[in-house]
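Remarks on the structure that follows.
Order of the sequence lines sets the chain letters (A, B, ...), proteins ahead of strands, with each chain counted from 1.
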Amino acid sequence: DTEVTQTPKHLVMGMTNKKSLKCEQHMGHRAMYWYKQKAKKPPELMFVYSYEKLSINESVPSRFSPECPNSSLLNLHLHALQPEDSALYLCASSQDPASYEQYFGPGTRLTVT
Amino acid sequence: DQQVKQNSPSLSVQEGRISILNCDYTNSMFDYFLWYKKYPAEGPTFLISISSIKDKNEDGRFTVFLNKSAKHLSLHIVPSQPGDSAVYFCAATSRSTGANNLFFGTGTRLTVIP
């Protein structure tokens, strides 16, 4: 299995909602990432988990809360988002934190109304 | 400030000809470079990479060239096929900034015309 899966594919939420994005990989990778990509922009790193521990938080607002329940799963909990948070949220994994090659999921298209 | 730049937003090439996608970077600490390909509604797919200790890496129809003095790399696809039509992202990183912190360019949309 060489796939990173993300659910849901699309999500529309209001500014007062609480929702979660889910990412899963079964490649035995020990590093997982969340990226945010706005239209016509490159992906921007949000969080890095290394061996299930948060190792990088790129100054992301607290309304985004990551969680890594185990080595295969990565969640992104969303609360009180703003319309400008609407974007494609990409999950990726790599064999370990020192590996350069990252493998991406298809992303969740989030719209905040 | 964009540390990795792809100045051509789009490129069209005839099937069978060579596609050349270019990428420039500003951070001299970058020591590893990657190319990703992205189809609509899918995540980026890793294509090929190169370490700064090399100036060329080849994998089938795909070759990446690195010119460290010019801080420039390019991806050559020969021969181009219609299935290569996608957005190509260049990315860079370094051990000093954290190997897993990839800096992406804005992408080049390649269209291969049958």
Does one hydrophobic cluster hold both [X] and [Y], with members joined at side-chain heavy-atom distances below 4.5 Å?
{"X": "B/F65", "Y": "B/I48", "answer": "no"}
{"X": "A/Y51", "Y": "A/L54", "answer": "no"}
{"X": "A/Y49", "Y": "A/L78", "answer": "yes"}
{"X": "A/F64", "Y": "A/L88", "answer": "no"}

B/Q2 versus chain A, the contacting section by heavy-atom distance below 4.5 Å: side chain
Region of B/S49 that comes under 4.5 Å of a non-hydrogen atom in chain A: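 The answer is the side chain of B/S49.
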Pair B/N101-A/E58, side chain to side chain contact (heavy atoms under 4.5 Å, CB included): steps then yes or no: CA-CA 10 Å; B/N101 193 355; A/E58 291 287 348; 3.3 Å; yes
Geometric class of the A/Y35/B/F104 ring pair [parallel <30°, tilted 30-60°, perpendicular >60°]: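 Aromatic pair B/F104/A/Y35 classed perpendicular.
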Best-contacting candidate, A/P43, A/G105, A/S55, against chain B by heavy atom pairs under 4.5 angstrom: A/P43
Other residues, nucleotides, ligands: >12 heavy atoms within 6.0 Å of [X] [atom1]:
{"X": "B/K54", "atom1": "NZ", "answer": "no"}
{"X": "A/E24", "atom1": "CD", "answer": "yes"}
{"X": "B/R61", "atom1": "CZ", "answer": "yes"}
{"X": "B/K68", "atom1": "NZ", "answer": "yes"}

Heavy-atom check, side chain of A/P42 versus side chain of B/V4, under 4.5 Å: no
Test item: B/T106 and A/K40 side chains (from C-beta on) under 4.5 Å apart, heavy atoms: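 B/T106 vs A/K40: side chains apart.
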Would you compute the distance between atom [atom1] of [X] and atom [atom2] of [Y] and round it to the nearest 0.5 angstrom?
{"X": "B/L34", "Y": "A/Y100", "atom1": "CG", "atom2": "OH", "value": "9.0 Å"}
{"X": "B/E42", "Y": "A/L90", "atom1": "CD", "atom2": "CG", "value": "12.0 Å"}
{"X": "A/S99", "Y": "B/Y32", "atom1": "OG", "atom2": "OH", "value": "9.0 Å"}
{"X": "A/E101", "Y": "B/Y36", "atom1": "CD", "atom2": "OH", "value": "7.0 Å"}

Chain B contact via A/Q37 - side chain, backbone, both or neither, heavy atoms under 4.5 Å: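 For A/Q37, side-chain heavy atoms alone lie under 4.5 Å from chain B.
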